[in-house]
Q: 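Pasting a structure below so you can have a look.
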Amino acid sequence: MAKTTQATPAAPQQATQNRRRFPRRQKPFQGVYYANPGERIPTVGLDLSGGGTCLLLQQPVKDPNAELMIGAVVDAKPFTLVGRIRWSDVVKVKGVDHYRYGLQLQSIADEDWDRLMAWTLQSSSELAEGSTLSPEQRDAMITPDTQLKIGEELVTRERVDPFQAGKLPLIEYSFVKYTMRQGVPYIMLKVRSRASDKIKSSIEEFFTQILVGCDDGHLKILD
C-alpha cells in the first residue's frame, strides 16, 4: 500500500535519491494522462528533466506497470512523452488524497526533448549557452575516458599538441545545449584548444563542437 504524506502541489519529490544526469526544473505545468483511447485524465506536472517528470493525479493509475502517455503544455507549446513509473506515493492536497508518480522517460520526439531541455535550463544560474564549464561541471558531464578520447581526436586533427599518456591536455569546455538525435540524448559542447604551428613558429587556437552521449559518453566530432 502506498504511503500517505503531507504535501502541496509544488512540493519537491522525496521518493528517490537526487542522482540525475540532467538538470531539473521544479515548476508546475498542466497536462493530461491518456488512460485509454479517447480518455484524458487531467494531471499536474510538478517538475521536469531530461530523464523524466513527476506527476500529480487525483486518481491512482490503474496499471502501474504500463507505460504512460502524457500530453502537456510548456511555454504555450504542446508535447507528448511516454514514461514508466519508477516510484509513487500518496500526498494530501488541501486535505484530499492525491497520487504522485515519478516517471522515467521512455520516448519523446527529438525536437520536443530539445525544447523541454531549453525550458528546464531557464531556471539554471550556472549552466547557460556559452558558459565555460568549471572543472567540477566538466567532470560531472564527461568521464575521464571520454575526455581522453576528445584529446586524442584533437591531436589527430592537429588541434592540440601531442600529450603524454595519462595526462590530459589543456582544453577549455563551453556548454552549448542538450540535444536529442534519433532518440539518443547528447550534450553539445564547444572545445577550445591550442596547437603549435611549427611552420609559422606560432600557437594556433581552435574551436571544435562535439556531442557527448548522455547515456554512455560516446563521442561525435561535428567540425
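Atoms considered below: every heavy atom in the structure, side chains included; atoms not considered: hydrogens, waters and symmetry mates. Predicted model, so just to flag it, every value in this text is computed and none were measured.
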Q: If you measure from OG on Ser174 to CD on Gln209, what distance do you get to the nearest 0.5 Å?
A: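 The distance works out to 10.5 Å.
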Q: With a 4.5 Å heavy-atom cut-off, do Asp75 and Gln122 have their side chains touching?
A: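 Asp75 reaches Gln122 side chain to side chain.
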Q: Applying salt bridge (Lys or Arg N to Asp or Glu O under 4.0 Å), which residue pairs with at least one partner in residues 133-149 are found, sequence neighbours left out?
A: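 Residue pairs passing salt bridge (Lys or Arg N to Asp or Glu O under 4.0 Å), neighbours aside: none found.
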Q: With sequence neighbours left out, write down each residue that passes salt bridge (Lys or Arg N to Asp or Glu O under 4.0 Å) with Arg115, or none if nothing qualifies.
A: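 Scan of Arg115 (salt bridge (Lys or Arg N to Asp or Glu O under 4.0 Å), adjacent residues dropped) gives Asp112.
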Q: Show your reasoning for whether side chain to side chain donor-acceptor pair (under 3.5 Å) applies to Ser202 and Asp197.
A: CA-CA 5 Å; Ser202 62; Asp197 188 322; 4.9 Å; no
Q: So that I can tick it off, tell me whether Asp110 and Arg181 are bridged by a salt bridge, with the cut-off set at under 4.0 angstrom between side-chain N and carboxylate O.
A: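 A salt bridge is absent here (no side-chain N lies under 4.0 Å from a carboxylate O).
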Q: Side chains of Ile150 and Ile142: closer than 4.5 Å at any heavy-atom pair?
A: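 Heavy-atom side-chain distance check passes, below 4.5 Å.
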Q: Tell me every residue that passes salt bridge (Lys or Arg N to Asp or Glu O under 4.0 Å) with Glu67, counting only those two or more places apart in sequence or in another chain.
A: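 Result, salt bridge (Lys or Arg N to Asp or Glu O under 4.0 Å) vs Glu67: Arg84.
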Q: Sequence neighbours left out, what passes side chain to side chain contact (heavy atoms under 4.5 Å, CB included) with Leu105? Give chain and number order.
A: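 So Leu105 forms a side chain to side chain contact (heavy atoms under 4.5 Å, CB included) with Leu81, Ile108, Trp113.
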Q: Check each of Val93, Val90, Leu57, Asp89 against His98 using the side chain to side chain contact (heavy atoms under 4.5 Å, CB included) test, and report the only one that passes.
A: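 Of the listed options, the one satisfying the test is Val93.
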Q: When you look at Cys214 and Ile187, which way does the side-chain contact (heavy atoms from CB on, under 4.5 Å) test go after all the steps?
A: CA-CA 7 Å; Cys214 295; Ile187 307 167; 3.7 Å; yes
Q: Quick check: do Pro185 and Asp215 have side-chain heavy atoms less than 4.5 Å from each other?
A: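 Answer yes - side chains close enough.
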Q: Look up atom OG in Ser88 and atom CZ in Arg100, then write down how far apart they are to the nearest 0.5 Å.
A: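 Reported to 0.5 Å precision, the distance equals 10.0 Å.
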Q: Within a strict 4.5 Å, meaning less than it, do heavy atoms of the Leu46 and Gln26 side chains meet?
A: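 With C-beta onward as the side chain, the pair stays apart.
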Q: Looking at OG of Ser193 and CZ of Phe207, how far apart are the two atoms once the value is rounded to the nearest 0.5 Å?
A: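 So the gap between those two atoms works out to 8.5 Å.
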Q: Side chains of residues 155-168: which donor-acceptor pairs under 3.5 Å do they make with residues two or more places apart or in other chains?
A:
| from | atom 1 | to | atom 2 | distance (Å) |
| --- | --- | --- | --- | --- |
| Thr156 | OG1 | Glu152 | O | 3.0 |
| Arg159 | NH1 | Thr208 | OG1 | 2.8 |
| Arg159 | NH1 | Asp223 | O | 3.1 |
| Asp161 | OD1 | Ser196 | N | 2.8 |
| Asp161 | OD2 | Ser196 | OG | 2.9 |

Q: Among all residues two or more places apart in sequence or in another chain, which pass the side chain to side chain contact (heavy atoms under 4.5 Å, CB included) test with Asn65?
A: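 By the side chain to side chain contact (heavy atoms under 4.5 Å, CB included) rule, Asn65 matches Asp63.
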Q: Would you say the side chain of Leu68 lies within less than 4.5 Å of the side chain of Val82, judging by non-hydrogen atoms?
A: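 Val82 does not reach Leu68 side chain to side chain.
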Q: Name the atoms and distances for all side-chain donor-acceptor pairs under 3.5 Å in residues 32-45, with sequence neighbours left out.
A:
| from | atom 1 | to | atom 2 | distance (Å) |
| --- | --- | --- | --- | --- |
| Asn36 | ND2 | Glu39 | OE1 | 2.5 |
| Thr43 | OG1 | Leu56 | O | 3.0 |

Q: Which residues satisfy the ring pair (Phe, Tyr, Trp, His ring centres under 6.0 Å) test with Tyr178, sequence neighbours excluded?
A: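 By the ring pair (Phe, Tyr, Trp, His ring centres under 6.0 Å) rule, Tyr178 matches Phe22, Phe175.
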Q: Could you list the residues that satisfy salt bridge (Lys or Arg N to Asp or Glu O under 4.0 Å) with Arg25, not counting sequence neighbours?
A: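 Here no residue qualifies.
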Q: Should Val74 and Phe79 be marked as a side-chain contact (heavy atoms from CB on, under 4.5 Å) after you check the CA-CA gap, both sets of side-chain angles, and the distance that decides it?
A: CA-CA 8 Å; Val74 162; Phe79 67 92; 3.7 Å; yes
Q: Going through the distances and angles, do Leu48 and Trp119 end up as a side-chain contact (heavy atoms from CB on, under 4.5 Å)?
A: CA-CA 9 Å; Leu48 187 66; Trp119 179 80; 3.8 Å; yes
Q: Quick one: salt bridge (Lys or Arg N to Asp or Glu O under 4.0 Å) partners of Glu172, sequence neighbours excluded?
A: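 Glu172 satisfies salt bridge (Lys or Arg N to Asp or Glu O under 4.0 Å) with Arg192 only.
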Q: Just so I know, are the side chains of Pro169 and Leu154 near enough to count as touching, which here means a heavy-atom distance under 4.5 Å?
A: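 Of all side-chain heavy-atom pairs linking Leu154 with Pro169, none is under 4.5 Å.
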Q: Keeping Asp114 on the side-chain end and Met180 on the backbone end, is there a donor-acceptor pair under 3.5 Å?
A: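 Yes, because the side chain of Asp114 sits within donor-acceptor range (under 3.5 Å) of the backbone of Met180.
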Q: With ILVMFWY side chains joined below 4.5 Å, transitively, what does Phe206's cluster contain besides itself?
A: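 Under the 4.5 Å side-chain rule, Phe206 groups with nothing.
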Q: For Val176, what are the other residues in its hydrophobic cluster, where any two members join if their side-chain heavy atoms are less than 4.5 angstrom apart?
A: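 Traced through the cluster, Val176 reaches Val184, Tyr186, Met188, Leu211, Leu222.
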Q: Should the heavy atoms of other residues, nucleotides or ligands under 6.0 Å from CD of Gln59 be counted, would the total exceed 12?
A: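 Atom CD in Gln59 is not crowded, with 12 or fewer foreign heavy atoms closer than 6.0 Å.
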Q: According to a 4.5 Å side-chain heavy-atom criterion applied to Ile, Leu, Val, Met, Phe, Trp and Tyr, with indirect links allowed, do Met69 and Phe29 form part of one hydrophobic cluster?
A: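 Per the 4.5 Å side-chain linkage, Met69 and Phe29 are not co-clustered.
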Q: Quick one: does Thr120's side chain have a donor or acceptor within less than 3.5 Å of a partner on Leu116's backbone?
A: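 Indeed, once roles are kept as given, a pair shorter than 3.5 Å links the two residues.
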Q: Between Tyr173 and Thr132, is there a side-chain heavy-atom distance shorter than 4.5 Å?
A: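 SC-SC contact between Thr132 and Tyr173 ruled out.
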Q: Decide yes or no on side-chain contact (heavy atoms from CB on, under 4.5 Å) for Ile210 and Val212, but give the supporting numbers first.
A: CA-CA 7 Å; Ile210 63 173; Val212 178; 4.0 Å; yes
Q: Got a second to check how far Thr146's OG1 is from Leu148's CG, nearest 0.5 Å?
A: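 Separation between the atoms: 9.0 Å.
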Q: Could you grab the distance from atom CD of Glu153 to atom CG of Leu219, nearest 0.5 Å is fine?
A: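 Here the rounded value is 6.0 Å.
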Q: Are side-chain heavy atoms of Pro23 and Leu121 found at a separation under 4.5 Å?
A: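 In contact.
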